[in-house]
Amino acid sequence: MSVEGEGESARVKEIAEHPFGNPTFTGRSWPLADVRILAPILATKVIAVGRNYAAHAAEFGSDVPDEPMIFLKPNTSIVGPGAPIVIPPSTSLVHHEAELAVVIGRPCKDVPAAKAREAILGYTIANDVSARDHQRTDGQWGRAKGYDTFCPLGPWIETDIDASDLEISSEVDGQIRQRSRTSKMVHDIPKLVEWISGVMTLLPGDIILTGTPEGVGPIEPGNTVSITVEGIGTLTNPVVAKGS
């Protein structure tokens, strides 16, 4: 699907196959208000970057790494706008993390930073939901970051934007928790694409989560989390307990 227009005039146009390259449209369209929005992509893999904002590293008493520090989230953790973030009973401390997400547009390997934009389809919004207690006790972050519903994405992929200096913020029940700019990343987007593609082949639809600014905090069942990135929109998800 492709979204065109703004406000009440926004419409969703149907794409015949996939959004990569030059998409073919079927000619069918609907008002955006009448469409249920799902996650904009189901990635083969989600590569997340830790401690990529110095102030966030500092709030946890951590050093900023000289090179990007990456970890993987399973694609089964992806949910779309409005879908609930489900808190499992095994954790007692879950945090939100507002992030700009990079969507890869073509198969690529060893991409120079200067050509990184050629490999990018566009950008969306992510919430890198994290079980802090598991993160601290396990050492490895797979469980803490990998629960089902722990990677909300959306509301759509913005393909025409300069993502180097955008405001990013998060709110919980209408209260601001995070507010920063993507220009404060330690490792910028071209550097991340270069470094990650030097480690692993990136495929169309793969997601790079670029890190979160300071201000992360707990979320609990009954909360509503909204993450906004300038020029893209807002991703909102309620929080529920598993089994409720």
Would you check if the side chain of [X] reaches a backbone N or O of [Y] as a donor-acceptor pair within less than 3.5 Å?
| X | Y | value |
| --- | --- | --- |
| Thr224 | Gly222 | no |
| Arg181 | Asp165 | yes |
| Asn52 | His187 | yes |
| Ser197 | Val111 | yes |
| Asp206 | Lys45 | yes |
| Asn127 | Cys151 | no |
| Glu158 | Asp160 | yes |
| Thr26 | Arg28 | yes |
| Asp188 | Lys191 | yes |

Any chance you could measure [X], atom [atom1], to [Y], atom [atom2], to the nearest 0.5 Å?
| X | Y | atom1 | atom2 | answer |
| --- | --- | --- | --- | --- |
| Phe60 | Gln135 | CZ | CD | 7.0 Å |
| Ile104 | Leu121 | CD1 | CG | 9.0 Å |
| Asp162 | Arg117 | CG | CZ | 9.0 Å |
| Glu97 | Lys145 | CD | NZ | 4.0 Å |
| Ser169 | Glu230 | OG | CD | 10.0 Å |
| Arg11 | Ser9 | CZ | OG | 9.5 Å |

If you count the non-hydrogen atoms of other residues, nucleotides and ligands that lie under 6.0 Å from [atom1] in [X], is the total more than 12?
| X | atom1 | value |
| --- | --- | --- |
| Asp110 | CG | yes |
| Glu220 | CD | no |
| Lys109 | NZ | yes |

- Message: side-chain hydrogen bond (donor to acceptor under 3.5 Å, both in side chains) for Gln178 and His96? Distances and angles first, verdict last.
- Response: CA-CA 10 Å; Gln178 297 174 273; His96 61 84; 3.1 Å; yes
- Task: Identify whether the distance between the nearest side-chain nitrogen and carboxylate oxygen of Lys184 and Glu214 falls below 4.0 Å.
- Result: no
Test item: [X] and [Y] side chains (from C-beta on) under 4.5 Å apart, heavy atoms:
| X | Y | result |
| --- | --- | --- |
| Cys108 | Thr201 | no |
| Trp30 | Glu14 | yes |
| Thr228 | Ile168 | no |
| Pro204 | Pro107 | yes |
| Thr236 | Val225 | no |
| Ile207 | Ile47 | no |
| Arg179 | Ile176 | yes |
| Thr124 | Trp156 | no |

- Message: Evaluate Lys73 against Phe150 for side-chain contact (heavy atoms from CB on, under 4.5 Å), listing each step before the verdict.
- Response: CA-CA 9 Å; Lys73 292 173 77 85; Phe150 271 29; 4.2 Å; yes
Examine [X] and [Y] and state if one hydrophobic cluster contains both, with Ile, Leu, Val, Met, Phe, Trp and Tyr joined whenever side-chain heavy atoms are less than 4.5 Å apart.
| X | Y | result |
| --- | --- | --- |
| Leu202 | Leu153 | no |
| Val102 | Leu166 | yes |
| Val46 | Leu203 | no |
| Ile70 | Tyr53 | yes |
| Ile208 | Ile157 | no |

Please find the pair of heavy atoms, one from [X] and one from [Y], that lie closest to each other, and give the distance.
| X | Y | answer |
| --- | --- | --- |
| Ala126 | Ala101 | CB-CB, 4.1 Å |
| Gly205 | Ala43 | O-CB, 3.2 Å |
| Pro81 | Leu235 | CA-CD1, 3.8 Å |
| Ala113 | Pro190 | O-CB, 3.4 Å |
| Ala98 | Pro213 | O-CD, 3.4 Å |

- Query: How does the hydrophobic cluster around Val240 look, that is, which other residues are in it when side-chain heavy atoms under 4.5 Å mark a link?
  - Reply: Val86
- Query: Going by side-chain heavy atoms closer than 4.5 Å, which hydrophobic residues are tied to Ile15, directly or by a chain of links?
  - Reply: Phe25
- Query: Going through the checks in order, is the side-chain contact (heavy atoms from CB on, under 4.5 Å) test met by Asn237 and Val239?
  - Reply: CA-CA 7 Å; Asn237 298 89; Val239 183; over 6 Å; no
- Item | Flag for Thr91-Asp133: side-chain donor and acceptor within less than 3.5 Å | yes
- side-chain contact (heavy atoms from CB on, under 4.5 Å) between Leu32 and Ile37, intermediate numbers included: CA-CA 9 Å; Leu32 177 59; Ile37 301 176; 3.9 Å; yes
- Query: What do the steps show when you test Glu171 against Arg177 for salt bridge (charged side-chain N to carboxylate O under 4.0 Å, His left out), and what is the final call?
  - Reply: CA-CA 5 Å; Glu171 296 182 1; Arg177 291 274 187 89; over 6 Å; no
- Mutual orientation of the aromatic rings belonging to His134 and Tyr147 [parallel < 30°, tilted 30-60°, perpendicular > 60°]: tilted
- Message: Can you tell me which residue among Leu209, Thr210, Leu192 is in a side chain to side chain contact (heavy atoms under 4.5 Å, CB included) with Val49?
- Response: Leu192
